[in-house]
Amino acid sequence: MPVITLPDGSQRRFDQPVTVDEVAASIGSGLRKAALAGRVNGKLVDTSFRIEHDAEVAIVTDKDPDGLEVIRHSTAHLLAQAVKSLFPDAQVTIGPTIEDGFYYDFSYKRPFTTEDLAAIEAKMVELAKADQKVTRRVMPRDEAVEFFRNMGEHYKAEIIASIPPNEEISLYGQGDWVDLCRGPHVPSTGKLKVFKLMKVAGAYWRGDSRNEMLQRIYGTAWADKKQLEEYLHRIEEAEKRDHRRIGRELDLFHQQEEAPGAVFWHPYGWTVFQTLIAYMRERNREAGFQEVNAPELMDASLWQQSGHLEKFGENMFLTKTPDERLYAIKPMNCPGHVQIFKQGIRSYRDLPIRFGEFGKVHRYEPSGSLHGLMRVRAFTQDDAHIFITEEQIKDESVHNIRLLLSIYEDFGFRNVRVKFADRPPKRVGSDEVWTLAESALKAATEAAGIEYTLNPGEGAFYGPKLEFVLKDAIGRDWQCGTLQVDLNMPGRLGAHYIDETSQKRTPVMLHRAIFGSLERFFAILLEHHAGRLPAWLAPVQAVVMTITDRQNDYVTRVAESLKKQGLRVEADLRNEKVGFKIREHTLRRVPYLLVAGDKEVAANLLSVRTRSGKDLGTMSPDTFVERLRVELDSRGRRTLED
RNA sequence: GCCGGCUUAGCACAGCUGGUAGUGCGCCUGAUUUGUAAUCAGGGGGUCGGGGGUUCGAAUCCCUCAGCCGGCACCA
């Protein structure tokens, strides 16, 4: 005699066990139609699920995030059903939901084409229209293995065979198609109305590059057409922010095939890059760092000693000199910094010693992983290595965590998540040392007053690390900064200091990066701001333009004066209509557009307009400089518009 | 590295089943002296990613290499 408690607290009494579907029907026929699944005591179930005892029940519709999840999952099934119907000898594997959609991996004798994709999607529409009932049944594991093996679905059989032997397996069927699945699923295919196949791609079976490559079809599915359109629009907007595109449009940098994974910086791009470095140099200096510079090319033996050659040799650029000596181009800065630390005798009184370098490193990244500035083979790190005693781990970590967060704030990233990555399965050093490092880093994180999530087993092989993840303007996550406690490398490379009892001791080393890769951080900034860099970073901060050539002298003079005062300013004297100039510089994302016509010349003024089209009226060049300086000094927290 | 797609003027792209390359913007020249997102007219510009092959003839078909794009794998 189950008593059903609904989300609003109301209760319904039934004389016998009921299904979710029946509960929905008892509330209303509209709800019954809208029901995609149920939530019984918090657990997501099919609408056909039979409730035997008193329970809290919610009807899940497409308004519910879980409902959308169910739609996507069921659409993945629909995709598999369509593929099997068009290509009967294709084998199915897995088809999970992902952010905004789903995918399904197939094994097939040839790759699917975009034409296939269109045909599959048409088939899916047809199958959905047929509104086939989705049924669930359970089977003992071994029977299920046999069942799929007989169907010729060897991948599926392998998946089931890896499930513990005594578990029951649930199978879902729709029409003549059956798949293994945990569920739940929509009650019938007619509930699947808004979906679209996006792309085909290769993907390794079980995610292992030693395995065969499957055909993965990606799709998206939504509760209604409007959501789908919004999603497609979102993708378009993201494309407009693509740093490769903006980099070309704004003449910031380029890449070319003779230097894959490397960057040719153009004057405007390099201006921004240098601004980033100047900024970080200043912040580092304030935080007690000393800048150093280590060789780009060092004998391979050093990399042998550090362990890099063994672990990452495949990804290092090596070069043999005419005298038959093997050198490596540095893929990391830490061994170099340790060499600097090792010169002379260090006392515990000297610690912490903080070395920072804008070190250009080269890594032979796999060709398929290269991606604009986000993943390159030659890049610049704002790398720092801090040598401390064990007792200093906590304080020094707090010091650096504060620095990191404060720097991200200057760039407008206020949403920063921290992940704590602890000991990985493959590691060096004793467990006691790891415990020490982890608890010190954890204590530091807590002392810094920040929350973190655990990223278990993802620490570096030499120590635990904090990972700093920024959220950008359109909600994407970017992992940038890192703070790692290293109790291994200094010893390996023979670094020592003398402690208060005159004993030789091995220092602890913190690895710290804030931008990470400057190239990548630059790209993130471009995408975050859609190319509209804040004035303090913009390659050109203002353009002074004439209306006719009568203002040429004045504009030239003003532009020169602004430049002399340290601003990045250009003059536009071209014989063009002012509307044309405004449009052009707006498209170049120049923060401030300064127009001088006869009236301004007569009164020693500038007409000031922002790139977003806002008219700030007229002001003297001096006032403009003064107000812009406030904006630059506050790094955009206060602008000319305020 | 693996799977698939793509590569035509500075940029964005067109070029059907093979018949000697086109549009828009930019660029250059001239006219215009212009008040806040495109003034008008004229002109130049491509060994169609590299190499090889098929063919009377290749941007177009085939092979191969490279780069890029989308994924996968990798990421000290």
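Letters go in sequence order (proteins before strands), and every chain restarts at 1.
- When rounded to the nearest whole Å, the span between CD of Gln304(A) and P of A76(B) equals 20 Å.
- Tyr204(A) contributes no side-chain N or O that forms a donor-acceptor pair with the base of G71(B) under 3.5 Å.
- Checking C72(B), A73(B), A66(B) against the side-chain heavy atoms of Glu257(A) singles out A66(B) as nearest.
- With respect to the salt-bridge test (charged N to carboxylate O, under 4.0 angstrom), the residues Arg206(A) and Asp208(A) do not qualify.
- Atom CD in Glu239(A) sits about 15 Å away from atom C1' in C68(B), given to the nearest Å.
- The nearest whole Å value for the distance from the NE2 atom in His254(A) to the P atom in C11(B) is 10 Å.
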Worked check of side-chain contact (heavy atoms from CB on, under 4.5 Å) between Arg532(A) and Ser612(A): CA-CA 10 Å; Arg532(A) 297 165 43 150; Ser612(A) 56; 3.9 Å; yes

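- RNA chain B is contacted by both Phe461(A) and Asp208(A); Asp208(A) maps to the nucleotide lying nearer its 5′ end (nearest heavy atom per residue).
- Side-chain N or O atoms of Gln551(A) include one that pairs as donor or acceptor with a backbone N or O of Ile547(A) at under 3.5 Å.
- No donor-acceptor contact under 3.5 Å links the side chain of Asp615(A) to the base of U36(B).
- Summarising the geometry, the separation between CG on Leu370(A) and P on C69(B) is reported as 8 Å, rounded to the nearest angstrom.
- Between the CG atom of Leu593(A) and the C1' atom of A37(B) there is a distance of 10 Å, given to the nearest Å.
- Scanning atom types as modelled, one donor and one acceptor separated by under 3.5 angstrom connect the side chain of Arg375(A) and the base of C75(B).
- Taking atom NZ of Lys199(A) as the reference point, atom P of C6(B) lies 17 Å away to the nearest angstrom.
- The side-chain ring of Phe580(A) is not stacked on the base of A38(B), judged by centre separation under 5.5 angstrom and plane angle under 30 degrees.
- Taking the ring centre of Tyr364(A) as origin, the terminal cationic atom of Arg377(A) falls inside the region bounded by 6.0 Å and 45° from the ring axis.
- Judged by distance alone with a 3.5 Å cut-off, a donor-acceptor contact links the side chain of Glu600(A) to the base of G35(B).
- Rounded to whole Å, the C1' atom of G5(B) lies 26 Å from the corresponding atom of U47(B).
- Closest contact between the side chain of Met213(A) and the listed nucleotides U33(B), G70(B), C2(B) involves C2(B).
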